[in-house]
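Residue indices begin at 1 and follow the sequence shown. Any value given below was found using the heavy atoms of this structure, including those in side chains, with hydrogens, waters and symmetry copies removed.
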Amino acid sequence: MREIFAGLPWWVKWVAVPVIALVVFGGVIANVVGFVIGLLFKVLVFVALVGGLIYVVRKFTTSSSSRGDW
């Protein structure tokens with residue numbers, strides 16, 4: 001493989017081959033990036049909801065326990 005690329009001009013190695021790879025695999029790359037971004041967004045929403053639930057539960061349990069002390 002190195003012998004094939006050794007005889008080619010620099011612009012073929014560094015411009016044409018990456019452009020062809022992006023054209024051929026661009027849809028796959030876009031799908032993977034979209035999946036990762038969607039997954040990170042879902043994880044962020046999950047963390048926010050769990051954090052909100054913990055906050056609400058602690059707020060109500062501390063207020064109800066302080067009423068029980070009376």
Side-chain angles (χ1 to χ4, degrees):
M1 194 62 149
R2 287 188 180 173
E3 295 85 23
I4 295 171
F5 278 110
L8 295 175
W10 68 269
W11 59 270
V12 173
K13 291 186 267 190
W14 298 105
V15 177
V17 173
V19 167
I20 292 171
L22 281 176
V23 168
V24 172
F25 298 109
V28 174
I29 294 170
N31 283 335
V32 169
V33 169
F35 174 76
V36 169
I37 290 173
L39 187 64
L40 288 175
F41 177 74
K42 288 178 183 178
V43 167
L44 184 64
V45 168
F46 175 75
V47 169
L49 289 174
V50 170
L53 178 66
I54 291 171
Y55 174 78
V56 168
V57 167
R58 285 189 178 175
K59 184 99 170 156
F60 280 115
T61 51
T62 56
S63 65
S64 66
S65 66
S66 64
R67 286 187 205 146
D69 290 342
W70 281 42

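When hydrophobic clusters are built by joining Ile, Leu, Val, Met, Phe, Trp and Tyr residues whose side-chain heavy atoms come closer than 4.5 Å, directly or via intermediates, Phe25 is grouped together with Ile37. Each of Val43 and Phe35 belongs to its own hydrophobic cluster when Ile, Leu, Val, Met, Phe, Trp and Tyr are linked at side-chain heavy-atom distances under 4.5 angstrom. Under a hydrophobic-cluster definition in which Ile, Leu, Val, Met, Phe, Trp and Tyr are linked whenever side-chain heavy atoms come within less than 4.5 Å, directly or via other members, Trp11 and Trp14 are assigned to the same cluster. Under a hydrophobic-cluster definition in which Ile, Leu, Val, Met, Phe, Trp and Tyr are linked whenever side-chain heavy atoms come within less than 4.5 Å, directly or via other members, Val45 and Val47 are assigned to different clusters. Placement of Tyr55 and Leu53 in two distinct hydrophobic clusters is found when ILVMFWY residues are connected by side-chain heavy-atom separations under 4.5 Å, directly or transitively.
Distance check, rounded to the nearest 0.5 Å: CG of Leu49 to CD1 of Ile54 gives 11.0 Å.
Taking every heavy atom of both residues into account, Leu8 and Val12 meet most closely at CD1-CG1, 3.8 Å.
Under the 4.5 Å side-chain criterion, counting only non-hydrogen atoms from C-beta, Phe5 is in contact with Val17.
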